[in-house]
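Before any comments, here is the structure.
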Number of protein chains: 2
Amino acid sequence: MKFTDKVTHMAIYRESHQRRAVMANLTHRRDHPTAATIYDDLRKEIPALSLGTVYRNLDILETQNRIRSIKLDQREARYDADMNIHAHYLCRVCGKIMDLPLKPDCCQIVRELEAAGHRIEKVSIDIIGTCALCR
Amino acid sequence: MKFTDKVTHMAIYRESHQRRAVMANLTHRRDHPTAATIYDDLRKEIPALSLGTVYRNLDILETQNRIRSIKLDQREARYDADMNIHAHYLCRVCGKIMDLPLKPDCCQIVRELEAAGHRIEKVSIDIIGTCALCR
DNA sequence: TTTGCTGCAAAGGATTTGCAGAGGC
DNA sequence: GCCTCTGCAAATCCTTTGCAGCAAA
């Protein structure tokens, strides 16, 4: 599936065993795993699983708005099943990612953009630094 | 230079012709070019320039806090010499990137994190959607 | 039965890196 | 003169894709 297809071609999805497993794995985690982490984890229950399938399913789940991807640094994407509005803080020393709840009035720009006629599909608020423990 | 060296090893930088050119190119632009775009542009004045050098210099300039990198989608990084606090809006249909000025009170989380002892090194607020013209 | 989904493996694309020589300071 | 920076090219890393068979609905 190409990037543009997401917009123009509304696919009819089937719930495969693998997709359910990816979704379940992400739901039952508190961290923000990479595709490779999910893959390693799921191989225990689905030995024949392939990494490509994990990527394809993460992509579809994001299109379905059931999960969101996070690009904190230039490295691998991370995934999150928590769809509540929140920011992420990454400590670049220990690598830990913290969820930061957001007050609704923090997203005033979003409302201004919408008022100007722009459609909002994704908002990412990512903060990188060194956490208190690592300083 | 490895990722971790940025933290532990404080390098003494020299201002090369190439680094000055990358910085100047970025300063004189209003868009948010990729490394490849800057490279294509600078080849006109520095024909022997290599893409690796562009990447290395963008990396160093970001470490020096003279520019910032932007990761809007899963694709190439973009670069911005505007160091004022602002958000970015990407229209995923036409690809245009808008700068969004931010009111200082929009970053309350940042102050809360700092109060809790965490050091903030970078804040990215990125919004993806479909702009008014493309709808 | 239809057509989306999978595993496999190869391809793709962006970024990084090792090296030997050039060039700031 | 020391040590950083460069061009080159190969390597790396993450992600995507083509294909033939499998499996939801």
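All chains are named by letter (A, B, ...) in the order of the sequence lines, taking the proteins before the strands, and each is independently numbered beginning at 1. Values reported hereafter were calculated over all heavy atoms of this structure, with side chains retained and with hydrogens, waters and symmetry mates removed.
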- Item | ring pair (Phe, Tyr, Trp, His ring centres under 6.0 Å) contacts touching residues 28-49 of chain B (sequence neighbours left out) | B:H32-B:H88
Reckon [X] has a side-chain N or O less than 4.0 Å from the OP1 or OP2 of [N]?
{"X": "A:Q74", "N": "C:dT15", "answer": "no"}
{"X": "A:R75", "N": "D:dC14", "answer": "no"}
{"X": "A:Q18", "N": "D:dA23", "answer": "no"}

- Within residues 43-54 of chain B, residues whose heavy atoms come under 4.0 Å of DNA chain D: B:A48, B:L49, B:S50, B:T53
Using a cut-off of under 3.5 Å, enumerate the N/O to N/O pairs linking the protein to nucleotides 21-25 of chain C.
from	atom 1	to	atom 2	distance (Å)
C:dG23	N2	B:R14	NH1	2.6
C:dG24	N2	B:R14	NH1	2.9
C:dG24	N2	B:R14	NH2	2.8
C:dG24	N3	B:R14	NH1	3.1
C:dC25	OP1	B:E15	N	3.0

- Can you check the B:I38 CD1 to C:dT15 C1' distance for me, whole Å? 14 Å
- Query: Are side-chain heavy atoms of B:I38 and B:L58 found at a separation under 4.5 Å?
  - Reply: yes
- Tell me what A:A36 touches on the nucleic acid: a base, only sugar-phosphate, or nothing, going by heavy atoms under 4.0 Å. nothing
- Base, sugar-phosphate, or nothing: which does A:A35 touch, judged by heavy atoms less than 4.0 Å apart? nothing
- Task: Indicate, yes or no, whether a donor-acceptor pair under 3.5 Å links the base of D:dG7 to the side chain of B:R56.
- Result: yes
- Item | Bend angle of the helix from C:dT1-D:dA25 to C:dC25-D:dG1, end axes from five pairs each (to 10°) | 50°
Pair up each side-chain donor or acceptor in residues 108-115 of chain B with any protein partner under 3.5 Å, not counting sequence neighbours, and list the distances.
from	atom 1	to	atom 2	distance (Å)
B:Q108	NE2	B:E112	OE2	2.9
B:R111	NH2	B:P104	O	3.3

Under 3.5 Å donor-acceptor pairs involving side-chain atoms of residues 125-135 of chain A, not counting sequence neighbours:
from	atom 1	to	atom 2	distance (Å)
A:T130	OG1	B:R119	NH1	3.4
A:T130	OG1	B:E121	OE2	2.7
A:R135	NH1	B:G117	O	3.1

- Message: Side chains of B:E62 and B:S69 only: does a donor on one sit below 3.5 Å from an acceptor on the other?
- Response: yes
